[in-house]
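Atoms within a ligand are numbered from 1 in the order they appear, just like the ligands themselves.
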Amino acid sequence: MPFNYLNLVGNAELIKQLNYAIIYRLIVQQAPLSRIQLAEISHLAPASITKITKQLLKYKLIKEVDTQQSTGGRPAVSIVAKFTSYQAIAIQLGRSTITIELYHLGAHCLASKVYPLIYFTQQAVQDYLIECIEQFCLEQHKKIKQLQAISITLPGLVDSTHGTVRYTPHIDVKEWALAAALTAQFQVPVLLGNDIQSLALAERYFGSTQDVDDSILIRVHRGVGSGVIINQQLLTNHNHSACEIGHIHVDELGDRCHCGNFGCLENRVVNKAIEKRARHMIEQGYPTKLTLDQCTIATICECANQGDDLAVKLIQDAGKNLGFAVAIMVNIFNPQRIVLAGELTKAADILLPAVNSTCQAQTLAGLRDNLIINCSTLDDCSAIGAFALVQQALFNGSLLMTLLDDKS
Ligand SMILES: [Zn+2]
């Protein structure tokens, strides 16, 4: 493929977008700030700061507040972000459910509703999705002052640039132009992204990796996926794939995986695999408080936390195997933080030592010295990942530009 020089070409519009993005991001993350402070931190000319803040004020994205100077003089005018003028609809398109949530620009969830997903072809899901969004908007119309964007995350290969879904495990798709279809229907920008990668972004913007440049999120649910953030940017590739660590080989004599190989990580750590092993051990007569009809991942975590021997061993085994994949990621990417997400993390006190122990044994010392492995505090079943795409588009200026009037 020839080198794409277009990626390197700057123009007046792009520079304008970047300058607006820098100022908006500074105000969101460091406010209250005066115009003088904004000029100092951003190195933009005071005249540019005046122009940009005037526009952001006009469109109610920021507001002025009085802040008393420490010297006790007259109040100085500072600027803070105003989050409540616009709303975004964030959607997590799962395998059997659609979670639709309404957010204001400060990442506060204003409403949430879960719809059952009962269709599995591209057109039927699209029609149903439009119906659900319309119904949601109708129910929440009092909370929606001005809808700024719709953002959707789903598992699989999602081309965020062109707004298409190339593959998703639960719906039969062929270059599904979902963003264009929803834009035509709702007349707002529509953002698309992979669910795990978007969750890694959410962790970066709103969760436990806000203070580091390099982080990895690993989520265990039906599969095992990960999103890698390097130098504050989500790592993406030509195929739009997330890092599919679920198919790392961890078990010499493991079961056959749906991918065709044997002994994949997925078959040792996903919820269903742990539940299956628990049932097998109960049937073998292993002493435990777990019962065959109450053998969910939630119960297993609960029993593990209470010290049930079998439940503890199951979580430790999952942690040890997850640690193999974590160690590989540490050796390759050398992140400062690894965040684990999924139901399994309800037994964090048992899971984390097991992950850490394998990681210690299998990574280069120099790479793990500054590494912290922790569990996510975000709700990985919510649509916060989808909202993170809105935040990203505001912070890179692309979504800001759709709001602002260029002519003034
Ligand atoms: Zn596999």
Side-chain angles (χ1 to χ4, degrees), residues 92-96 120 153-159 165-174 193-200 216-228 234-281 295-297 300-301 313-333 335 338-345 351 354-355 358-359 361-363 373 376 380-381 385:
Q92 161 65 9
L93 192 53
R95 292 187 197 221
S96 56
F120 302 99
T153 57
L154 64 167
L157 303 177
V158 183
D159 182 345
V165 182
R166 295 178 52 201
Y167 165 79
T168 190
H170 54 295
I171 304 166
D172 185 17
V173 301
K174 196 174 177 198
N194 170 276
D195 58 350
I196 306 291
Q197 289 181 324
S198 305
L199 210 54
I216 296 175
L217 174 116
I218 298 176
R219 181 182 186 234
V220 181
H221 189 55
R222 290 183 191 229
V224 189
S226 67
V228 178
L234 186 66
L235 187 71
T236 54
N237 60 37
H238 73 286
N239 197 31
H240 315 288
S241 62
C243 289
E244 295 291 346
I245 62 167
H247 300 282
I248 287 175
H249 179 80
V250 294
D251 187 358
E252 277 301 321
L253 297 171
D255 290 343
R256 185 157 203 162
C257 176
H258 63 86
C259 75
N261 288 327
F262 292 88
C264 291
L265 176 67
E266 275 197 11
N267 294 327
R268 293 301 292 265
V269 304
V270 298
N271 297 350
K272 277 213 166 86
I274 297 172
E275 291 163 0
K276 187 179 158 193
R277 277 194 103 199
R279 277 195 294 274
H280 179 69
M281 299 304 280
C295 211
T296 62
I297 189 70
I300 294 168
C301 287
K313 284 197 166 92
L314 287 165
I315 301 292
Q316 281 175 337
D317 181 75
K320 186 182 93 179
N321 282 289
L322 202 53
F324 292 138
V326 166
I328 290 172
M329 299 299 266
V330 170
N331 284 329
I332 296 173
F333 295 108
I338 289 190
V339 183
L340 306 178
E343 287 87 342
L344 194 58
T345 61
L351 181 74
V355 174
T358 314
C359 188
Q362 303 199 351
T363 50
I373 304 174
S376 176
D380 65 313
C381 292

Is the shortest heavy-atom distance from the side chain of [X] to the side chain of [Y] under 4.5 Å?
| X | Y | value |
| --- | --- | --- |
| Pro335 | Met329 | no |
| Leu93 | Ile171 | yes |
| Asn267 | Asp251 | no |

Inset, instruction - Begin with the C-alpha distance, continue with both residues' side-chain angles, and end with the deciding distance and a verdict on side-chain contact (heavy atoms from CB on, under 4.5 Å) for His258 and Glu266. - result: CA-CA 10 Å; His258 63 86; Glu266 275 197 11; 3.2 Å; yes
Legend entry - Rounded distance [0.5 Å steps], NE2 in His249 versus CD1 in Ile328: 10.5 Å
Legend entry - Trace of the side-chain contact (heavy atoms from CB on, under 4.5 Å) decision for Cys301 with Glu343: CA-CA 8 Å; Cys301 287; Glu343 287 87 342; 5.7 Å; no
Legend entry - Protein N/O/S neighbour count - the Zn ion (ligand 1), strictly under 2.8 Å: 4
